Amino acid sequence: MLLCACNAKPPTLPRLGAKDVILAFGDSLTYGTGAGEHQSYPTVLQQLIQRSVVRAGVPGETTAQGLARLPDAIEEHAPKLVLLCMGGNDMLQKVAPATIRANLRAMIELARKRGANVVLIGVPEPKLFSDPPKFYGELARELGLPYEGDVFDDVLHDQSLKSDAIHPNAMGYKRVAEA
């Protein structure tokens, strides 16, 4: 379920046209590590919504690396919507939350300046029984973004939906796409 990160009306997104492109941008969770390429959440989402969804996930990538890569991805694909799902590798590398938040903010601002809307997808901290850090929701609220903070948390707390300690399996990615 797409959640609002605010107390007022949820932020809305303009309706996508039939030829509009969605850029799923992130790390291994976007790439689909733990499942086949055709089972990644961007590929499944494309099948579900019958729109072009570009799978732009790079395993192991941090938010700083993603920030450096995003301008070229936006220029190449000219997305109308960016699904931004990053931060897990930063947390694994013990990057300061303020740095992760600043990099995510810079990516959101860049996407918006280039004419794309953004949905922020939070990922849980890599520890037992952890939720996504609060900075995801705070950033979404501050910038008026739609925020999805539950789906990866739910999937990664269900052993039947995981391929390893930090990645979903094909059924888990299907759940993410459906959300």
Side-chain angles (χ1 to χ4, degrees), residues 1-6 9-61 66 69-70 72-89 104 107-108 110-112 114-124 131-132 136-137 139-140 143-179:
M1 168 196 316
L2 193 61
L3 299 177
C4 171
C6 55
K9 261 174 67 174
T12 58
L13 296 170
R15 194 168 199 73
L16 291 173
K19 297 198 188 266
D20 287 339
V21 173
I22 298 168
L23 178 65
F25 192 85
D27 52 28
S28 59
L29 295 175
T30 301
Y31 180 80
T33 299
E37 180 178 336
H38 65 284
Q39 298 167 320
S40 67
Y41 96 77
T43 303
V44 174
L45 179 61
Q46 179 170 286
Q47 295 163 357
L48 289 172
I49 66 171
Q50 299 297 300
R51 298 269 190 296
S52 177
V53 180
V54 175
R55 178 176 146 255
V58 175
E61 189 170 70
R69 181 171 63 93
L70 184 58
D72 289 341
I74 289 176
E75 181 151 337
E76 179 181 350
H77 302 290
K80 194 73 165 173
L81 178 63
V82 175
L83 304 176
L84 180 59
C85 180
M86 294 198 88
N89 292 309
L104 290 169
M107 285 187 264
I108 292 163
L110 174 70
R112 285 177 156 179
R114 303 268 178 103
N117 292 293
V118 179
V119 173
L120 184 59
I121 302 170
V123 295
D131 295 325
Y136 284 106
L139 189 57
L143 298 175
L145 298 177
Y147 171 58
E148 171 51 71
D150 290 334
V151 68
F152 274 112
D153 190 40
D154 293 345
V155 165
L156 294 175
H157 283 97
D158 183 339
Q159 290 299 319
S160 71
L161 300 176
K162 292 171 61 172
S163 66
D164 62 29
I166 57 175
H167 297 103
N169 59 24
M171 288 304 300
Y173 285 119
K174 182 175 186 282
R175 284 261 180 95
V176 172
E178 291 168 345

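None of these values were measured; they are calculated from a predicted model.
Considering Thr30, Ile121, Leu104 as possible partners of Leu84, the one that fulfils the side chain to side chain contact (heavy atoms under 4.5 Å, CB included) test is Leu104.
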**Prompt:** Between Leu156 and Ile166, does a side-chain contact (heavy atoms from CB on, under 4.5 Å) hold up when you go through it step by step?
**Reply:** CA-CA 7 Å; Leu156 294 175; Ile166 57 175; 5.7 Å; no
Could you go step by step and tell me if Leu83 and Leu45 meet the side-chain contact (heavy atoms from CB on, under 4.5 Å) rule? CA-CA 11 Å; Leu83 304 176; Leu45 179 61; 3.6 Å; yes
For a side-chain contact (heavy atoms from CB on, under 4.5 Å) check, start with the C-alpha distance between Leu81 and Val119, then their side-chain angles and the critical distance, and finish with the verdict.
CA-CA 8 Å; Leu81 178 63; Val119 173; 4.0 Å; yes
- From CA spacing to verdict: side-chain contact (heavy atoms from CB on, under 4.5 Å), Glu37, Arg55: CA-CA 9 Å; Glu37 180 178 336; Arg55 178 176 146 255; 3.2 Å; yes
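Rounding to the nearest 0.5 Å places CG of Leu120 at 8.5 Å from SG of Cys85. Met86 CE to Leu70 CG: the interatomic distance, rounded to the nearest 0.5 Å, is 9.0 Å. Atom CG of residue Asp20 and atom CG of residue Asn117 lie 10.0 Å apart, to the nearest 0.5 angstrom. Residue Leu23 holds its CG atom at 6.5 Å from CD1 of Ile74, rounded to the nearest 0.5 Å. Lys80 NZ to Arg15 CZ: the interatomic distance, rounded to the nearest 0.5 Å, is 13.5 Å. With rounding to the nearest 0.5 Å, the separation of CZ in Phe152 from CG in Leu29 is 4.5 Å.
Closest non-hydrogen pair, Gly34 versus Ser163, comes out as CA-OG, 3.1 Å. Summarising the geometry of Val118 relative to Ala111, their closest heavy-atom pair is CG2-CB, 3.7 Å, with the distance given to 0.1 Å. Pro79 approaches Ala116 most closely through the heavy-atom pair O-CB, 3.5 Å. In terms of heavy atoms, Pro132 sits closest to Gly149 at CG-O, 3.2 Å. Shortest non-hydrogen contact noted between His167 and Ser28 is NE2-OG, 2.8 Å. Shortest non-hydrogen contact noted between Tyr136 and Gly88 is OH-N, 4.4 Å.
You'll find the side chain of Leu16 reaches within 4.5 Å of the side chain of Ile22, heavy atoms only. At least one side-chain heavy atom of Glu61 sits less than 4.5 Å from a side-chain heavy atom of Arg69. Leu143 places a side-chain heavy atom less than 4.5 Å from the side chain of Arg112. In this structure the side chain of Pro168 reaches within 4.5 angstrom of the side chain of Val155, judged on heavy atoms. Looking only at side-chain heavy atoms (C-beta outward), Asp131 and Pro124 stay at 4.5 Å or farther from each other. Counting heavy atoms from C-beta on, the side chains of Val21 and Val54 come closer than 4.5 Å.
A donor-acceptor pair under 3.5 Å is absent between the side-chain atoms of Arg114 and the main chain of Ala78, judged by distance alone.
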Distance-only check: which donor-acceptor pairs under 3.5 Å involve side-chain atoms of residues 170-179, not counting sequence neighbours?
{"residue": "Tyr173", "atom": "OH", "partner": "Thr33", "partner atom": "N", "Å": "3.4"}
{"residue": "Tyr173", "atom": "OH", "partner": "Thr33", "partner atom": "O", "Å": "2.6"}
{"residue": "Lys174", "atom": "NZ", "partner": "Glu178", "partner atom": "OE2", "Å": "2.6"}

